[in-house]
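Scroll down for the structure; my scribbles are underneath it.
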Amino acid sequence: MSTSTRDKETAAAALNGSTDRPSNFVRDIVLEDLKTNRHGGRVHTRFPPEPNGYLHIGHAKSICLNFGLAAEFGGKTNLRFDDTNPEKEEQEYVDSIVTDARWLGADWGDRMFYASDYFDQIHAWAVQLVKAGKAYVCDLSAEEVRKYRGSLTEPGIESPYRNRSVEENLDLFERMRLGEFPDGSRTLRAKIDMASPNLNMRDPVMYRILHAEHNRTGDKWCIYPMYDFAHGQSDSLEQITHSICTLEFEDHRPLYNWFIQQLGIFPSQQIEFDRLNLTYTLLSKRKLLQLVQEGRVRGWDDPRMPTLSGIRRRGYTPEAIRNFCAAIGVSKTNGIIELAMLEHFVREDLNTRAPRVMAVLHPLRVVIDNYPEGQVEELEAVNNPEDPNAGTRKVPFSRSLYIEQDDFREDPPKKFFRLFPGQEVRLRGGYFITCTGVVKNDAGEVVEVHCTYDPATRNGNAPDGRKVKSTIHWVSAEHAIDAEVRLYENLFATENPGDVPEGQDFTVNLHPNSLEILTNAKLEPSLAGAMPGDRYQFERLGYFCADLDSKPGALVFNRTVPLRDTWAKIEKREKGKSG
RNA sequence: UGGGCGGUCGACUAAUGGUAGGUCAAGUGCCUUUGGAGCACUUUGUCUAGGUUCGAAUCCUAGCCGCCCAGCCA
């Protein structure tokens with residue numbers, strides 16, 4: 001079956017309501033347009049980032065919506081850079097956006113465009129509006145324009161330059177283009193209605209003078225169109241059927257439509273949805289840029305950043321992000337999604353695919369007193385209990401091991417099932433051991449735990465059928481490889497980092513210890529060949545991903561997300577009871 | 001106080017005049033060689049007040065609350 005046939009059938013199935021994909025209001029609009037044959041069955045969307053920062057998880061929602069919708073109905077999605085402000089845009093951002101969008105799974109074929117591709121046409125349209133008496137050159141300064149605009153409750157006043165002749169406007173606009181005037185001295189404005197209750201309709205600026213080198217058009221232009229006079233025009237040129245943007249552009253829709261109507265060009269339809277908000281997370285390119293510039297993080301791809309590059313480096317998969325985006329839905333309510341939702345979808349994805357390994361983050365030495373000195377056994381460990389095809393691996397076992405400090409208590413609290421004096425536990429993939437004693441340092445801290453093992457429990461079960469309440473992970477001390485492990489907390493300590501006390505900066509909400517670097521982690525030897533980007537479950541701890549900084553012999557792992565920790569919950573609750 | 005847009009479990013989202021359902025979170029139990037995963041069960045909701053209707057989350061009226069808009073940013 002050809003792709004297009006299948007796509008059409010998919011579209012038909014969707015039209016019949018026979019798919020179980022959860023709908024949303026944008027999809028419903030598309031469905032309705034398809035039913036009424038509004039665009040001849042065509043669905044064409046676009047993803048229009050400004051190359052002034054890195055893509056973040058909020059953009060992922062938009063990418064999934066735009067590309068997902070088009071794909072579902074056999075349509076297309078363009079990648080289009082909204083590059084109308086040369087002062088803020090850079091090639092680095094273009095490159096990162098391409099990389100990140102592709103990584104997420106976006107496919108725009110050969111349709112990667114730039115608003116700047118259309119500068120000639122947009123300029124011609126501006127001239128067209130001038131000739132029609134719908135636009136004029138205004139000599140008011142920025143400050144004057146603001147004053148003349150009026151306020152939320154008061155109408156504006158018309159610019160004294162509003163009624164210049166077409167000839168004069170044409171001449172002036174051309175001289176603006178030729179660079180005869182300094183930045184900010186004049187603008188081209190649409191002649192609409194200074195009394196409109198919608199401020200966007202009070203003679204909005206269409207073109208401003210900016211003697212700035214543009215990343216793509218160089219010094220060809222010294223006038224640049226504003227968003228409002230570029231975006232809809234670009235949509236129209238690309239015959240975009242559904243131009244999906246976020247809620248804050250709702251007030252711009254009348255203007256979007258006004259330009260299209262005055263110009264008599266293809267009527268793309270703007271539809272607004274709610275942008276993503278996540279607890280403990282800031283999704284504002286301006287603020288993320290600030291974090292990078294002030295060195296509060298290690299860069300745009302710092303694993304604590306909500307950028308796609310940061311999240312990727314942290315170990316998230318594109319599938320997890322897509323599943324998350326599908327689950328949160330699309331609406332017009334401005335809500336805030338709990339970060340736990342995102343974390344759920346990484347765990348869900350990684351659970352099925354991440355190979356299990358053993359790693360000890362905070363090592364505590366264990367000596368098995370009755371295990372023969374110098375003996376080494378290769379125990380067979382399951383790679384992934386969720387995936388029978390993942391097979392097994394050999395893990396060396398010897399007399400001296402490391403276990404997690406948290407897995408031993410000299411004085412166990414209630415409901416603590418792990419190792420303590422007199423207690424027997426199972427070593428994951430191996431023997432039962434019983435704690436017989438401890439060695440302390442001068443400070444009274446336990447530095448070594450002594451145990452005996454039961455040779456009859458090699459396969460992890462006791463022949464006499466006795467049970468053990470807990471299984472703990474371990475690594476053989478002499479075989480362990482060292483690694484650096486980076487643990488992350490939320491970048492921000494408050495649920496809504498945008499809420500800032502009067503007069504303060506949002507950085508006051510930064511989590512003081514969002515990065516903890518462990519330099520003494522001990523890994524099982526099978527990890528020696530881990531390459532950057534490789535993902536694992538460190539058993540009982542969480543999902544980890546070899547960092548970009550990782551090299552053979554100098555491994556570095558990021559904790560993507562911890563495993564759900566029932567014991568931590570119990571302990572917290574018990575402590576609350578007693579304290 | 002002008003205009004625009006919204007208010008459904010703790011969070012997100014369905015139900016488009018006809019049984020308020022799903023996911024996350026939380027809790028309980030089962031299971032378990034990860035206190036993981038899985039399974040089962042449970043708690044909690046239609047902003048308020050009127051009205052229309054046999055029947056309202058849905059329609060009407062009036063309130064209340066929240067978000068966005070006064071860049072020559074997007």
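Of the nucleotides present, none pairs with B:U44 by Watson-Crick or G-U wobble criteria with both distances under 3.5 Å. Nucleotide B:G38: paired with B:C30 (Watson-Crick or G-U wobble, both distances less than 3.5 Å). Base pairing annotation: B:C73 forms no Watson-Crick or G-U wobble pair, as no partner gives both donor-acceptor distances under 3.5 Å. If you check B:A15 for Watson-Crick or wobble pairing at under 3.5 angstrom, you find it has no partner at all. With a cut-off of 3.5 Å on both pairing distances, the Watson-Crick or G-U wobble partner of B:C24 is B:G10.
Using cut-offs of 30° and 60° for the angle between ring planes, the A:Phe259 and A:Phe229 rings count as perpendicular. In this structure, A:Tyr224 and A:His214 have parallel ring planes: the angle between them is below the 30° cut-off, well short of the 60° mark. A:Phe397 and A:Trp474 have perpendicular rings, their planes meeting at more than 60° on a 0 to 90° scale where under 30° would count as parallel.
For the C1' atoms, the distance from B:U42 to B:U34 is 26 Å, rounded to whole Å. Taking atom C1' in both B:C59 and B:U46, the straight-line distance is 15 Å, to the nearest Å. On the C1' atoms, B:A57 is 13 Å away from B:C9, given to the nearest whole Å. Taking the P atoms as reference points, B:U53 lies 38 Å from B:C67, given to the whole Å. As rounded to the nearest Å, B:U23 and B:G17 have C1' atoms that lie 27 Å from one another. Between the C1' atoms of B:C24 and B:C30, the separation comes to 22 Å (whole Å). Taking atom P in both B:A70 and B:G10, the straight-line distance is 34 Å, to the nearest Å. With both ends at atom P, the span from B:C5 to B:C60 equals 14 Å, rounded to whole Å.
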Item to complete: Mind running side chain to side chain contact (heavy atoms under 4.5 Å, CB included) on A:Asp274 and A:Thr246 for me, showing each step along the way?
Response: CA-CA 6 Å; A:Asp274 62 331; A:Thr246 43; over 6 Å; no
Fill in: Residues A:Glu50, A:Asn52; criterion side chain to side chain donor-acceptor pair (under 3.5 Å); working and verdict
CA-CA 6 Å; A:Glu50 182 189 10; A:Asn52 68 341; 2.9 Å; yes
Practice prompt. Walk me through it: do A:Tyr256 and A:Asp235 pass the test side chain to side chain donor-acceptor pair (under 3.5 Å)?
Written response: CA-CA 10 Å; A:Tyr256 182 102; A:Asp235 286 340; 2.7 Å; yes
Discussion item. Using the rule given for side chain to side chain contact (heavy atoms under 4.5 Å, CB included), can you reason through A:Arg564 versus A:Lys569, listing the C-alpha separation, both sets of side-chain angles and the distance that settles it, and then say yes or no?
Written reply: CA-CA 9 Å; A:Arg564 290 187 53 165; A:Lys569 251 180 238 172; 3.5 Å; yes
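Residue A:Arg202 is out of contact with every strand shown, counting any heavy-atom pair closer than 4.0 Å. Residue-level contact check: A:Leu247 touches neither bases nor backbone, having no heavy atom under 4.0 Å from any strand.
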Using a cutoff of under 3.5 Å, can you pull out all pairs of nitrogen or oxygen atoms linking the protein to nucleotides 72-74 of chain B, with atom names and distances?
unit_1	atom_1	unit_2	atom_2	d
B:C72	OP1	A:Arg149	NH2	3.3
B:C72	OP2	A:Arg149	NH1	3.1
B:C72	N3	A:Gly184	O	3.2
B:C72	N4	A:Leu140	O	2.7
B:C72	N4	A:Ala142	N	3.1
B:C72	N4	A:Gly184	O	3.0
B:C73	OP2	A:Arg208	NE	3.0
B:C73	OP2	A:Arg208	NH2	2.9
B:C73	O3'	A:Arg208	NH2	3.1
B:C73	O2'	A:Asn85	ND2	2.9
B:A74	OP1	A:Thr84	OG1	2.6
B:A74	OP1	A:Arg208	NH1	3.3
B:A74	OP1	A:Arg208	NH2	2.9
B:A74	OP2	A:Tyr227	N	2.9
B:A74	O3'	A:Asp82	OD2	3.3
B:A74	N6	A:His252	NE2	3.2

Sub-3.5 Å pairs of nitrogen or oxygen atoms, protein against nucleotides 64-66 of chain B:
none

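The A:Asn24 side chain lies nearest to B:A14 when the options are B:U13, B:G36, B:A14.
Taking 3.5 Å as the limit, the base of B:G38 and the side chain of A:Glu386 contain no donor-acceptor pair of atoms between them.
In this structure, A:His123 has its ring center under 6.0 Å from that of A:Phe173. Checked against the 6.0 Å centroid threshold, A:Phe544 and A:Phe538 count as a close aromatic pair. With ring centers used as reference points, A:Phe417 lies 6.0 Å or more from A:Trp567.
The distance between atom CG of A:Leu541 and atom C1' of B:A37, rounded to the nearest whole Å, is 15 Å. As rounded to whole Å, 14 Å separates atom P of B:A37 from atom CZ of A:Arg428. To the nearest angstrom, C1' of B:U32 lies 19 Å from CH2 of A:Trp567. For the pair A:Leu199 CG and B:G3 C1', the interatomic distance rounds to 8 Å; values are reported in whole Å.
Dashed line: the shortest gap from a side-chain N or O of A:Lys147 to OP1 or OP2 of B:A70 is not under 4.0 Å.
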